[in-house]
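First the structure, in the form of structure tokens, and then the observations on it.
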Amino acid sequence: MAKLSRSVSNPYTNETVTFLKTTEETKGEYLLFRTDLPPDNGIFLHYHTELTETFEGISGNLEVTIDGKKIILKPGETLDIPRDHIHGFYNPSKEFISFTAEIRPAGTFESFVRCGYGLDTDGRSFYMPFLKQYLPKNILLLGTLFKMGQFYVPYLPLFLQKALFGLLAKLAHWTGADKSLEKYYIGTVEDALPEQPLQKTP
């Protein structure tokens with residue numbers, strides 16, 4: 001079985017995610033990872049229907065928008081994101097900032113993250129300026145990813161998104177396109193990280 005790295009990254013931006021507690025290690029109870037986020041980067045407004053998130057600042061100030069309100073998350077502070085609440089985050093500074101995210105329950109969110117960065121690493125994604133985000137070149141895989149992350153946007157009715165992304169996910173399965181993602185998340189993860197404090201991003 002393939003060996004999976006504890007860290008995944010986007011080669012274009014150097015954004016990096018390090019899995020501190022994997023889905024397997026917590027038996028699906030939760031997923032914990034650290035994000036090292038470059039300047040002028042983040043994630044557009046979205047919400048999750050079947051999971052909650054808790055952010056904790058490590059270094060720098062993370063700008064989080066939740067339900068239309070902007071909050072600055074400082075080192076040592078935590079912020080809970082309940083399910084179905086519209087949120088996004090952004091690094092407005094000129095330096096890397098770091099924070100952790102805890103996902104409950106873990107579901108398939110780890111696979112969602114690994115696949116997204118895997119597509120970036122393999123040159124299978126393209127940059128969407130409007131969203132400031134990289135998306136899969138094969139549009140069918142967008143359905144697979146949204147299904148993995150239970151990830152929806154506030155710009156379209158939920159029923160329409162479920163129908164659209166559900167159709168794309170089915171087409172990805174029928175055509176075998178989703179099989180190309182398995183190398184990113186099927187395997188055994190590297191040995192556990194040593195018990196030591198997280199270091200500030202250089």
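When side chains are defined from C-beta on, P136 does not count as touching R124, because their heavy atoms never get closer than 4.5 Å.
The closest donor-acceptor contact from the side chain of N41 to the backbone of P39 lies under 3.5 Å. Using a distance-only test at 3.5 Å, with no hydrogens or angles considered, no donor-acceptor pair links the side chain of R34 to the main chain of T16. The backbone N or O of Y30 lies less than 3.5 Å from a partner atom in the side chain of T26, making a donor-acceptor pair.
In terms of heavy atoms, I139 sits closest to L168 at O-CD1, 3.8 Å. A pairwise comparison of heavy atoms in N91 and P38 identifies ND2-O, 3.1 Å as the closest pair.
Checked by atom type, the side-chain pair Y127/Q133 shows no donor-acceptor distance below 3.5 Å. T144 and D178 are not linked by any side-chain donor-acceptor pair at a separation below 3.5 angstrom, with hydrogens and angles left out of the test.
Contact check on D122 versus K183 returns a salt bridge, with a Lys/Arg side-chain nitrogen under 4.0 Å from an Asp/Glu carboxylate oxygen.
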Practice problem: Decide salt bridge (Lys or Arg N to Asp or Glu O under 4.0 Å) for E25 and R6; before the verdict, give the C-alpha distance in whole Å, the side-chain angles of both, and the deciding distance to 0.1 Å. | Solution: CA-CA 12 Å; E25 289 168 345; R6 280 208 175 254; 2.2 Å; yes
Exercise. Apply salt bridge (Lys or Arg N to Asp or Glu O under 4.0 Å) to K94 and D40, showing your working.
Key: CA-CA 8 Å; K94 295 182 179 180; D40 193 30; over 6 Å; no
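Checked against the 6.0 Å centroid criterion, the rings of Y47 and H87 do not qualify as a close aromatic pair. Between F126 and Y134, a ring centre-to-centre spacing not shorter than 6.0 Å is recorded. Two rings, from F165 and F151, have their centers 6.0 Å or more apart.
Crowding of E95 atom CD: a count of heavy atoms from other residues, nucleotides or ligands under 6.0 Å not exceeding 12.
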Using a 3.5 Å cut-off and no angle test, enumerate the donor-acceptor pairs between side-chain atoms of residues 70-85 and protein atoms at least two apart in sequence or in another chain.
from: E77; atom 1: OE1; to: K74; atom 2: N; distance (Å): 2.9
from: D80; atom 1: OD1; to: T54; atom 2: OG1; distance (Å): 2.8
from: H85; atom 1: ND1; to: D67; atom 2: OD2; distance (Å): 2.6

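H46 and H48 have perpendicular rings, their planes meeting at more than 60° on a 0 to 90° scale where under 30° would count as parallel.
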